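Beneath this line is the structure, given in structure tokens, with notes to follow.
Keep in mind that what you see is a predicted model, and the values were worked out from it rather than measured. Quick note: numbers below take in every heavy atom, side chains included, and nothing from hydrogens, waters or symmetry partners. Just so it is clear: chains get the letters A, B, ... in the order the sequence lines come, proteins before strands, and each one is counted from 1.
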Amino acid sequence: MDQPNVNHLLEGLNPEQRRAVECGDGPVLVLAGAGSGKTRVLIQRIAYLIATGRASADEIMAVTFTNKAAGEMKERLERLGHTHLHHGWIGTFHSLGARILRREAVHLGLESTFNIYDQDDSLNCVKLILDELDIPGERMPPRLAAHYISQAKNAFVDPQQFKTMVENDKMQMAAEVYPRYVQMLRANNAVDFDDLLLLPVVLFRNHPNILEYYQEKFRYILVDEYQDTNRTQYHLLQLLAQKHRNLFVVGDDDQSIYRWRGADLRNILDFGRDYPDCQVFRLEQNYRSTQNILDAAHSVIVKNQGRHEKRLWTQKEAGEKVHIIEAASEREEAEVIVQKINEEFLSNKRTLRDFVILYRTNAQSRAIEDALRRHGIAYIIVGGIRFYERKEIKDVLAYLKVVANPLDSISLRRIINYPLRGIGEATVRKIQNYALQHRITLLEAMKHTDEIENLSPRLRHTIKAFYQFIAKYISLKDKISVTELANSMVEETGILQNFKAEGTPDALTRMENIRELLNAISEYARNVENPSLEGFLEQVSLITDIDTWDDRSNAVSLMTLHSAKGLEFPVVFISGLEEGLFPLSRNMDSQDELEEERRLFYVGATRAREKLYLTYARTRSRFGEFQRNGMPSRFLNELDPAVVELFQTRPAYYSRSRPSSGSAHRHRAPRPEPEPQAMPDYENFSQEQVLFRKGMRIRHSHFGAGRVEAIEGHGENMKIVVAFGDGRIRKIMVKYATIEIL
DNA sequence: GAGCCACCCGTTTTT
DNA sequence: CGGGTGGCTC
């Protein structure tokens with residue numbers, strides 16, 4: 001093919017990246033390590049395909065993991081001159097799936113106005129079904145049933161198949177719920193998250209002609225983060241790529257962290273078997289981190305069995321060692337992090353946006369937030385309670401969902417008595433029964449209140465009034481703007497006034513949140529070409545935490561390790577490195593799950609450009625009350641001692657420490673407080689030694705203060721022999737005891 | 001039907 | 001600690 005001017009698209013790429021960008025047609029697997037420039041390769045590849053005339057912009061489908069990544073990709077392509085890509089098929093699996101479903105809804109027995117249910121809505125459906133089936137919550141926790149169903153959908157297992165896979169009575173009950181659940185969603189003209197992937201596959205399997213259209217359309221398919229695709233996504237890609245076979249996937253098996261959500265490593269590990277003629281490119285040069293950081297990350301990840309051997313390298317200097325910091329408590333851990341941020345801030349001319357603090361669970365953010373607030377440091381937090389999952393927001397959205405899709409009885413139930421209008425559970429049941437008898441929807445049934453038995457005249461009136469209220473907005477939907485509709489509807493419900501009248505700080509916050517939602521709607525209406533109620537609701541449903549994260553704001557970022565995937569920061573803190581927390585105790589027994597935790601550590605560590613701090617606390621409060629002593633995470637022990645340096649917040653803790661003789665912080669002046677100290681016998685660094693030593697003074701929750709006389713066993717089975725103040729010597733099983741180190 | 005209180009449970013991680 | 005639930009009273 002005669003090549004127009006594409007040299008600028010290849011400039012600055014290393015040879016392997018370049019080969020990947022300009023390779024010929026057919027399946028392609030790019031094994032791209034962390035920080036190896038995979039996003040760049042994807043973008044340049046798209047630009048290259050267009051520039052060389054191999055495909056037009058709308059013949060390319062590019063799938064990313066988050067909307068944010070999709071947005072960045074579009075932006076960078078636009079900067080390369082591809083403005084027409086703005087409307088292209090670049091997005092997440094879920095958003096692209098939704099787009100296909102909206103277009104083809106009719107072939108699946110859906111209307112194009114279908115609503116997208118989040119887990120909360122799904123859970124409500126499952127609860128209703130369990131009620132219907134007379135299965136009490138103690139016998140079958142609704143969350144578990146929902147989980148089984150979701151897993152099945154992710155693994156591309158339909159209700160019939162699921163029945164044959166039942167292994168225990170819980171699964172048996174889930175097997176009963178599953179078909180009914182599918183039915184219920186259909187009846188409500190709704191789909192759940194998993195359906196956004198699953199239903200397109202069903203569609204394509206049942207309608208070869210439709211499949212053919214999309215196969216023809218998408219000459220080139222590019223997929224980012226391929227290691228985190230599940231089985232259903234795998235089928236979707238296989239179907240779409242069957243014709244042109246131009247499937248270009250980029251991934252890194254070491255960064256697969258969504259197994260729990262159905263991600264299947266087989267997809268990437270077996271790519272070569274599925275596509276024997278595929279071209280494989282390996283990007284192992286890292287452009288992000290210092291050598292020490294890479295070595296540290298590598299020394300941990302190699303402990304995994306199920307991985308492709310590979311090693312990242314960099315041309316960057318070794319850089320500083322990785323710092324491990326031990327703190328006495330979670331509060332102190334947070335303080336130390338703040339202190340390090342201050343030091344860095346002062347000595348290295350950094351800005352707040354250079355820092356990220358990562359943790360395993362959202363709950364850990366609290367202590368860190370407190371410390372940041374105490375010190376007046378601006379921070380932005382990703383995740384936790386999402387804006388669109390707040391109760392008051394979901395309530396307002398439910399109003400809009402019912403207007404957008406009157407078949408949605410789940411949303412209708414949510415608002416039928418909110419704000420309180422006296423239509424309680426018993427009344428809803430009566431209406432529901434009438435609806436079932438006459439095979440109409442819940443909303444329609446409300447129109448016929450006169451025919452429903454055992455209702456007081458007042459209640460009849462209330463129900464009818466509510467019906468008319470909803471009906472009015474349904475008829476207004478296409479006549480007034482989304483903004484007007486939402487504002488007017490919220491106004492008429494009186495929700496805002498109620499909060500105002502209540503006057504509590506909590507109520508006022510909720511009021512503000514609803515105002516913010518209304519702002520978001522008008523903003524949406526201003527920015528989108530053809531704003532629609534469905535469009536807004538879909539955008540809201542598919543938004544992710546990280547999508548709303550503004551990397552330009554001048555603040556320290558806080559997020560979970562999962563959220564940090566794909567990002568990079570000059571200075572990274574990974575906190576809570578304790579056995580049971582990271583790795584999380586639930587995942588410590590199974591090899592597979594432990595390996596996923598290790599990959600999560602690897603992902604976190606490789607976010608760092610220049611500095612990596614790993615912190616842990618000797619005690620941590622759980623559920624507010626209980627203090628339990630944790631041991632340092634095994635990942636710390638797995639780190640190559642040559643590239644780490646240990647700090648403690650209580651230097652006296654180690655009696656044998658000598659003045660630092662290592663060279664690592666020779667030039668450090670003035671010495672930070674507290675004083676950093678090289679671990680003297682680092683080779684022998686082990687959990688037991690960090691936690692307990694002979695002669696150490698401790699306090700037991702029951703027996704009071706005492707002195708450690710001996711240590712027996714290790715890990716889970718570690719016991720300490722303690723001489724207590726009452727003169728008695730007791731052997732304590734560390735695992736079960738609450739022990740404070742004095 | 002609604003409001004109040006006492007208990008219970010939990011928590012990964014997210015599209 | 002904080003949210004959800006179930007049982008109680010008005």
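Among the heavy atoms of the strands lying under 4.0 Å from A:S563 are primed sugar atoms or P, OP1, OP2 only; no base atom is included. Among the atoms of the strands shown, only primed sugar atoms or phosphate atoms (P, OP1, OP2) are found under 4.0 Å from some heavy atom of A:Y258. Contact annotation for A:L420: backbone-only contact, meaning every heavy-atom pair under 4.0 Å involves sugar-phosphate atoms and none involves a base. Residue contacts shown for A:Q119 include a base, since a base heavy atom lies under 4.0 Å away.
For the pair A:R421 and B:dG1, the criterion of a side-chain N or O lying under 4.0 Å from OP1 or OP2 is not met. Distances shorter than 4.0 Å separate some side-chain N or O of A:K127 from OP1 or OP2 on C:dT5. Checking the phosphate oxygens (OP1, OP2) of B:dT13, a side-chain nitrogen or oxygen of A:N362 falls inside 4.0 Å. Within the 4.0 Å cut-off from OP1 or OP2 of B:dA2, at least one side-chain nitrogen or oxygen of A:N417 is found. The phosphate of B:dT14 has OP1 or OP2 within less than 4.0 Å of a side-chain N or O from A:T560. Regarding contacts with the backbone of B:dT12, a side-chain N or O of A:R586 is found under 4.0 angstrom from either OP1 or OP2.
Stacking here means ring centres nearer than 5.5 Å and ring planes tilted less than 30 degrees, and by that measure A:W260 stacks onto B:dT13.
Straight-line distance between the P atoms of C:dG4 and B:dT13: roughly 16 Å, to the nearest whole Å.
Taking atom CZ of A:F466 as the reference point, atom P of B:dG1 lies 15 Å away to the nearest angstrom. Rounded to an integer number of Å, the gap from NE2 of A:H147 to P of B:dT14 is 16 Å. Distance A:F65 CZ to B:dT14 P: 10 Å, rounded to the nearest Å. One atom, CD of A:E425, and another, P of C:dT5, lie 12 Å apart when rounded to the nearest Å. Going from atom CZ of A:R598 over to atom C1' of B:dT13 covers 18 Å, rounded to whole Å. In this structure, CZ of A:R259 is placed 13 Å from C1' of B:dT13, rounded to the nearest angstrom.
Between A:T427 and A:L542, the residue anchored closer to the 5' end of DNA chain B is A:T427, taking for each the nucleotide with the nearest heavy atom. Projected onto DNA chain B by closest heavy-atom contact, A:F93 and A:K430 fall at different nucleotides, the more 5' of which corresponds to A:K430.
The only option from A:D264, A:V201, A:L197 that meets the side-chain contact (heavy atoms from CB on, under 4.5 Å) definition with A:Q233 turns out to be A:L197.
A donor and an acceptor atom, one from each side chain of A:N154 and A:D194, are located under 3.5 Å apart.
In the set C:dC1, B:dT14, B:dT12, the nucleotide with an atom closest to the side chain of A:R366 is C:dC1.
Remark: A:K391 engages A:D395 in a salt bridge, criterion side-chain N to carboxylate O under 4.0 Å.
In this structure, A:Y148 has its ring center at least 6.0 angstrom away from the ring center of A:Y178. Aromatic ring centres of A:W260 and A:H147: separated by at least 6.0 Å.
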